[in-house]
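Whatever order the structure lists ligands and atoms in, that order sets their numbers, starting from 1. Please read all numbers here as calculations on a predicted model, not as lab measurements. The analysis underlying the following values was restricted to heavy atoms, covering all of them including side chains, and did not include hydrogens, waters or symmetry mates.
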Amino acid sequence: MNDTRIAIVTGAARGIGAGVAERLAADGYAVAVLDLDEAACKKVVARIEAAGGRALAVGADVSDEAAVAAAVDRVAAELGAPSVLVNNAGIIRDNMLFKMSVDDWDSVLAVHLRGAFLMTRAAQAHMTKAGWGRIINLSSTSALGNRGQVNYSAAKAGMQGFTKTLALELGKFGVTANAIAPGFIETEMTQATAERIGVPFEQFKEGIAKETPVGRIGMPADIAHAVSFFASEGAGYVSGQVLYVAGGPKA
Ligand code: NAP
């Protein structure tokens, strides 16, 4: 039984991560809101506290080994040993392959894959010790291939293999690992995509909604709901899975 109920959500200063942090706080978790900019995390912490929850703002770059170790130590000292980790921090550096720089390739893989690896390696020590844990990784429908995203789609497909191996290695310690692969979710990330291709955001969203079986775009709360399920006590027999949350079938 999980009685510590401490969660870490990376990339939680805005977008999907902020929605997930607020949902886990409403579910009863004390939440470490981790992002590059600690001041930006404090706004999410204030919203959680105003709703009666408990949270801590943690500034850290998930791709920096020393910063990750210090951040997880700080969470354990100030909130308690983490039993849930949501690897959500992410960036896009889109371009067609022939125009993509090595820097755009390296930085995307560093945040998504190296970041998830470093965070998970640090957090699992607490979970395996407690004999209970939940790791939830953000993949994407782009894992199936997406023009202009050779770096991002490789990283998001990598998240799926990473998740399945975590499930194999950590299951005997009471730790599950699952991935969520969102379709189009309204955040600053998708707003940046619309800007890059030169389409007004409202028009971009309408076009996506028309192509989506449920007839709408996704919101951070849609992803937060799936995270809440994977983090729950009752989901202990679900591990190594990839859940597409995309308003219709994928894969
Ligand atoms: P977002 O609005 O851009 O938020 C991402 C957050 O991650 C930002 O606050 C960003 O901080 C933070 N971050 C970036 N690099 C970081 C690092 N090295 N260390 C710590 N934090 C870092 O993105 P989102 O749309 O909410 O996406 C969240 C996750 O869902 C990402 O993994 C994304 O790939 C995935 N996803 C999103 C969609 C979608 O449609 N939105 C679809 C599929 C998957 P800064 O603001 O300081 O850069």
Side-chain angles (χ1 to χ4, degrees), residues 8-23 32-45 57-68 70-72 75 85-94 104 106-119 122 136-146 149 151-160 162-163 179-196 201 204-205 208-209 211-212 216-224 226-227 242-247 250-251:
I8 302 177
V9 184
T10 71
R14 66 172 199 230
I16 294 171
V20 167
E22 291 182 68
R23 172 62 189 261
V33 176
L34 186 150
D35 210 299
L36 283 171
D37 176 8
E38 192 161 317
C41 297
K42 285 189 176 146
K43 291 179 201 151
V44 180
V45 167
V58 181
D61 177 347
V62 295
S63 66
D64 177 330
E65 186 178 9
V68 164
V72 174
V75 172
L85 170 66
V86 184
N87 285 308
N88 167 83
I91 59 169
I92 48 172
R93 297 285 183 273
D94 296 353
D104 285 346
D106 286 345
S107 52
V108 166
L109 268 75
V111 177
H112 295 271
L113 280 180
R114 181 183 158 92
F117 157 66
L118 291 173
M119 285 299 306
I136 300 145
N137 298 318
L138 268 290
S139 179
S140 166
T141 51
S142 294
L144 303 169
N146 199 21
Q149 290 198 319
N151 49 359
Y152 185 81
S153 61
K156 291 311 202 184
M159 289 297 263
Q160 298 191 8
F162 176 67
T163 301
I180 296 169
F184 185 100
I185 309 295
E186 179 171 0
T187 68
E188 286 180 39
M189 185 179 274
T190 42
Q191 194 166 356
T193 303
E195 275 163 25
R196 183 178 64 83
F201 196 35
F204 191 51
K205 287 188 289 183
I208 302 275
E211 290 167 12
T212 305
R216 67 168 177 91
I217 58 159
M219 301 303 287
D222 293 308
I223 305 308
V227 170
V242 180
L243 179 64
Y244 283 84
V245 181
K250 296 281 169 184

List, pair by pair, the atoms of ligand 1 and of the protein that are both N or O and lie under 3.5 Å apart, giving the separation rounded to 0.1 Å.
from: ligand 1; atom 1: 2 (O); to: Arg14; atom 2: NE; distance (Å): 3.0
from: ligand 1; atom 1: 3 (O); to: Arg14; atom 2: NH2; distance (Å): 2.7
from: ligand 1; atom 1: 9 (O); to: Asp35; atom 2: OD1; distance (Å): 3.4
from: ligand 1; atom 1: 9 (O); to: Asp35; atom 2: OD2; distance (Å): 2.6
from: ligand 1; atom 1: 11 (O); to: Asp35; atom 2: OD1; distance (Å): 2.8
from: ligand 1; atom 1: 18 (N); to: Asp61; atom 2: OD1; distance (Å): 2.8
from: ligand 1; atom 1: 19 (N); to: Val62; atom 2: N; distance (Å): 3.1
from: ligand 1; atom 1: 25 (O); to: Thr187; atom 2: OG1; distance (Å): 2.5
from: ligand 1; atom 1: 26 (O); to: Ile16; atom 2: N; distance (Å): 2.8
from: ligand 1; atom 1: 32 (O); to: Asn88; atom 2: O; distance (Å): 2.8
from: ligand 1; atom 1: 32 (O); to: Lys156; atom 2: NZ; distance (Å): 3.0
from: ligand 1; atom 1: 34 (O); to: Tyr152; atom 2: OH; distance (Å): 2.5
from: ligand 1; atom 1: 34 (O); to: Lys156; atom 2: NZ; distance (Å): 3.2
from: ligand 1; atom 1: 36 (N); to: Tyr152; atom 2: OH; distance (Å): 3.4
from: ligand 1; atom 1: 40 (O); to: Gly183; atom 2: O; distance (Å): 3.3
from: ligand 1; atom 1: 40 (O); to: Ile185; atom 2: N; distance (Å): 2.8
from: ligand 1; atom 1: 40 (O); to: Ile185; atom 2: O; distance (Å): 3.3
from: ligand 1; atom 1: 41 (N); to: Ile185; atom 2: O; distance (Å): 3.3
from: ligand 1; atom 1: 41 (N); to: Thr187; atom 2: OG1; distance (Å): 3.3
from: ligand 1; atom 1: 46 (O); to: Arg14; atom 2: NH1; distance (Å): 2.6

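In this structure, Thr212 contributes its side chain and Ile217 its backbone to no donor-acceptor pair below 3.5 Å.
For Ser63, the side chain to side chain donor-acceptor pair (under 3.5 Å) criterion is met by Asp61, not counting sequence neighbours. Considering only residues two or more places apart in sequence or on other chains, Phe162 meets the ring-ring contact (aromatic ring centres under 6.0 Å, His included) condition with none of them. Evaluation of the side chain to side chain donor-acceptor pair (under 3.5 Å) rule for Glu65 yields Arg121 as partners, not counting sequence neighbours.
Side chains of Lys156 and Leu138 form a contact here, defined as non-hydrogen atoms less than 4.5 Å apart. Using a 4.5 Å cut-off on side-chain heavy atoms (C-beta onward), Val108 and Ile91 make contact.
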